[in-house]
Number of protein chains: 2
Amino acid sequence: MLNGRTPSVKDVAAAAGVSLGTVSNVMNRPEVVSARTRERVERAMSELGFVRNESARQLRAGTSRTLAYVMLDGTNPFFHDVAQGIELAAEDADLSLFICNSNSRATREEVHLDRLLQQRVQGILITPVDPAAPHLDELTRRGVPMVIVDRVRNADSCCSVSVDDVLGGRIGVEHLAELGHERVAFVGGPDSLGQVRERLQGAREVWESLGHDPDNLIYLPTEALTVAEGRSAGERLAGLPARRRPTAAFCANDLLALGLLQQSIGAGLRVPDDLAIVGFDDIEFAAAAAVPLTSVRQPRQELGRAAAQLVLDEATNPNHNHQQLQFQPELVARASTVRRARSL
Amino acid sequence: MLNGRTPSVKDVAAAAGVSLGTVSNVMNRPEVVSARTRERVERAMSELGFVRNESARQLRAGTSRTLAYVMLDGTNPFFHDVAQGIELAAEDADLSLFICNSNSRATREEVHLDRLLQQRVQGILITPVDPAAPHLDELTRRGVPMVIVDRVRNADSCCSVSVDDVLGGRIGVEHLAELGHERVAFVGGPDSLGQVRERLQGAREVWESLGHDPDNLIYLPTEALTVAEGRSAGERLAGLPARRRPTAAFCANDLLALGLLQQSIGAGLRVPDDLAIVGFDDIEFAAAAAVPLTSVRQPRQELGRAAAQLVLDEATNPNHNHQQLQFQPELVARASTVRRARSL
DNA sequence: AACGCCTATTGAAACTTTTCAAAAGTCCCC
DNA sequence: GGGGACTTTTGAAAAGTTTCAATAGGCGTT
């Protein structure tokens, strides 16, 4: 009867001696079918090894059971932690998850979005290369639920989940100021990234509000938020004349901080004695560094989880309102700034 | 006409004044349709904003355009690099990719596989919790192309892609022996992991073949391959009586090595002078550590890419033969073993 | 025995695409 | 102007599921 094909509801129905509508009921509304037939159908299913065909289900029901996350940079563990949070939420809602990686390239992002549209995913979470890109409007125009993760967009066009980067900047520099540093470097870039700008802004705000000379907060621009750029920033730092040289550095993310840390230690500096370092994100490797890294923590998993919940709300709740969720970052002090770190 | 619905081929056909078979031809066999109509149809498509419904395509065509990777441990960057390789290959073949994470738990793995079966993915790549688990047989029984990544399975039941772990073990310890170390620790576990066993085996083989006393290769078992376990191994190492204490450690992966490195430096040891450290995998953070880590490199991306190619061959080539692809690891020497590292 | 009321089951339509045999068009040549 | 050989287009069937109105069956009441 089956000759090789994978069995369908029809085969199950035949085997159980019921109509195919009943089989569907067993799967989708088990409470309406009598215990006796339900059991019979279930036995037939497992005997035949029936597996529901999701494409057919989706086609008919008009709704898919899939979410997607388009991440910005697969080499940064931060985004994998966000993805992990999304996956947990998807799991709870019994949804599958596509994970794509735009690698910071707008064209790849567009290719991915196009494919996801074809898949009729129920919602898209994205950390976009450019939050203002027109292909994102395209999504909203089509009515695909979308949530911007770790970025913000012109307010009410869609939901977003992010962290207060200005506050993050304040926290980081405030910590260094409290430790008595009088000359501090801000390491980060490119400043086309909104986050870098905001973290810098927060840093400057707090620095000046504490009565420090603006010139003593030295901006060391980088081309990207990578370990290599962190190293290169370290070299530039070392090249500064001693009297201009900062005693502490606040980095726009942990990768930079790790690169800077590596370069500094390699050059014979003691951290934190000669140079205190603060990172941003608090990825796992921050705590695992030779000198455990003080970092401004973002609730990475929580970010993903919240984003997934928002997208699901938009997908299922008819009077959904777009929200801009913003989390508070917090300082995690470790040995890269304080001699005897309490926490590891 | 459309009132809100997303347009279908039927709508496109109506708008272009052709039959719906022709629209399908424009998408799938453009060469059979005349330039004039093709153009007309294409215009209609873009005016209506038509996006092909992949579920329907898949249902009718019987073949999906999706691959899946079930990774073992999302907290280990190694697997993300493998996933990245897979994604590149999938991209080349114009396929979408599901990425799942079993988090080393067999039950989650099973849940994922079940869902993937429902999705009728074209092939599954997996780094299984247990390569002998019966639910993997289930897949082959159902005829779903499957490739085991970074593990091996009873030969000819399916393809696999892995790295020669015995050789990796040899390489790592050989390097340390060449540097003159006479007492070496092997850090790794649990030994239920085939890889750990094989790396240890290689380590022992080469150690003895070089004429060293087996007792001077000290096995420091760990409960998992994590940074935390690496730290704890470091503490145990430090607790050994000086005359038994190794001058070098070979770790079964980089996370262990990073943890060990951190603990050692924190305890005031100089690396490599007091303790030389070799890791395994060569994840990005190995090179980024304060003391850049010598590591036995696995071609991570290549592993993923090759696996994807195998699964595609199995999916499309009728006389496909199962293969056990094995890559050669290679040593990347850095400052954690040699005073002046040539490479960074 | 006829009726109404439940609960349980059925059958057909619908979702969107692809495929393929058949029909229609076009062109050229005798 | 009729026939042959193409090229292009059409129309209907099919894929596996869900939905829903309609039917059947069972049971208690009059």
Side-chain angles (χ1 to χ4, degrees), chain A residues 1-42 44-45 48-66 115 117-122, chain B residues 1-42 44-45 48-66 115 117-121 142:
Chain A
M1 164 180 75
L2 288 174
N3 60 263
R5 277 188 313 105
T6 73
S8 71
V9 270
K10 204 194 289 189
D11 302 310
V12 174
V18 297
S19 81
L20 104 200
T22 301
V23 177
S24 174
N25 282 338
V26 169
M27 293 191 284
N28 304 304
R29 278 180 236 75
E31 69 282 2
V32 316
V33 28
S34 76
R36 222 167 63 84
T37 34
R38 184 168 57 223
E39 195 186 292
R40 203 142 41 93
V41 170
E42 275 161 356
M45 281 180 169
L48 291 171
F50 169 78
V51 176
R52 181 214 244 113
N53 182 327
E54 177 62 23
S55 309
R57 204 212 112 263
Q58 175 174 332
L59 174 60
R60 165 65 228 211
T63 153
S64 85
R65 313 229 12 94
T66 317
R115 228 206 291 291
L117 238 32
Q118 294 191 20
Q119 301 274 0
R120 299 289 194 271
V121 292
Q122 207 168 66
Chain B
M1 164 179 77
L2 288 171
N3 61 264
R5 277 190 311 106
T6 75
S8 72
V9 271
K10 205 194 289 187
D11 302 309
V12 174
V18 297
S19 80
L20 103 203
T22 301
V23 177
S24 174
N25 281 338
V26 169
M27 293 190 287
N28 304 304
R29 280 180 232 75
E31 69 283 2
V32 315
V33 30
S34 75
R36 224 165 64 83
T37 34
R38 183 169 58 221
E39 195 186 292
R40 204 142 42 93
V41 169
E42 275 162 355
M45 281 180 168
L48 291 170
F50 171 78
V51 176
R52 181 214 244 115
N53 182 327
E54 177 63 23
S55 308
R57 204 213 112 263
Q58 176 173 334
L59 172 60
R60 167 62 228 215
T63 152
S64 86
R65 314 227 15 92
T66 317
R115 227 204 293 291
L117 238 33
Q118 294 192 20
Q119 301 274 2
R120 300 289 195 272
V121 293
R142 287 184 185 280

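Naming: A, B, ... by sequence-line order, numbering from 1 per chain. Model, not experiment: these values are computed from the prediction. For the numbers below, each heavy atom of this structure counts, side chains included, while hydrogens, waters and symmetry mates do not.
Of the listed nucleotides (D:dA15, D:dT8, C:dT19), C:dT19 has the atom at the smallest distance from the side chain of B:Asn25. Across D:dT18, D:dT17, C:dT18, the shortest atom-to-atom separation from the side chain of A:Ser24 is found for D:dT18. Of the candidates D:dT17, D:dT9, C:dT9, D:dT9 carries the atom nearest the B:Val33 side chain, counting heavy atoms from C-beta on. With C:dG11, C:dT18, D:dT17 as the candidates, the nucleotide lying closest to the side chain of A:Ser19 is C:dG11. With C:dT17, C:dT9, D:dT17 as the choices, the nucleotide that has an atom nearest any side-chain atom of A:Thr22 turns out to be C:dT9.
In this structure, A:Val18 reaches the sugar-phosphate backbone alone: every heavy-atom distance under 4.0 Å involves primed, P, OP1 or OP2 atoms, never a base. B:Ser55 comes within 4.0 angstrom of no nucleic acid atom, judged by non-hydrogen atoms across all strands.
The one candidate from A:Gln122, A:Gln58, A:Arg120 that meets the side-chain hydrogen bond (donor to acceptor under 3.5 Å, both in side chains) condition with A:Thr63 is A:Gln122.
For the atom pair CG (A:Asp11) and CE (A:Met45), the distance works out to 11.5 Å, reported to the nearest 0.5 Å.
Side-chain N/O atoms of B:Ser8 include none lying less than 4.0 angstrom from OP1 or OP2 on C:dC15. In terms of phosphate contacts, B:Ser34 brings a side-chain nitrogen or oxygen within less than 4.0 Å of OP1 or OP2 of D:dT9.
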Going through the distances and angles, do B:Arg65 and A:Gln118 end up as a side chain to side chain contact (heavy atoms under 4.5 Å, CB included)? CA-CA 11 Å; B:Arg65 314 227 15 92; A:Gln118 294 191 20; over 6 Å; no
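Rounded to whole angstrom, the span from the CG atom of A:Leu59 across to the C1' atom of D:dA15 amounts to 9 Å. Note: CG (A:Asn53) to C1' (D:dA15) measures 9 Å, nearest angstrom. Taking atom NZ on A:Lys10 and atom P on D:dA15, their separation rounds to 6 Å, with Å as the unit. The interatomic distance linking B:Met27 (CE) with C:dT17 (P) rounds to 6 Å, in whole Å. Between B:Glu54 atom CD and C:dT18 atom P there is a gap of 9 Å when expressed in whole angstrom units. Following rounding to the nearest Å, B:Asn28 (CG) and C:dT19 (P) show an atom-to-atom distance of 6 Å. In this structure, CG of B:Leu20 is placed 10 Å from C1' of D:dA12, rounded to the nearest angstrom. Rounding to whole angstrom units, CZ of residue B:Arg120 and P of D:dA15 are separated by 14 Å.
In this structure, A:Val9 and B:Glu31 both approach DNA chain D, and ranking their closest nucleotides by distance from the 5' end singles out B:Glu31.
With hydrogens and angles ignored, no donor-acceptor pair closer than 3.5 Å exists between the side chain of A:Arg60 and the base of D:dT17.
For the pair A:Arg40 (side chain) and A:Ala16 (backbone), a donor-acceptor distance under 3.5 Å is present.
A:Thr37 and A:Val18 get closest at one heavy-atom pair: CG2-CG1, 4.2 Å.
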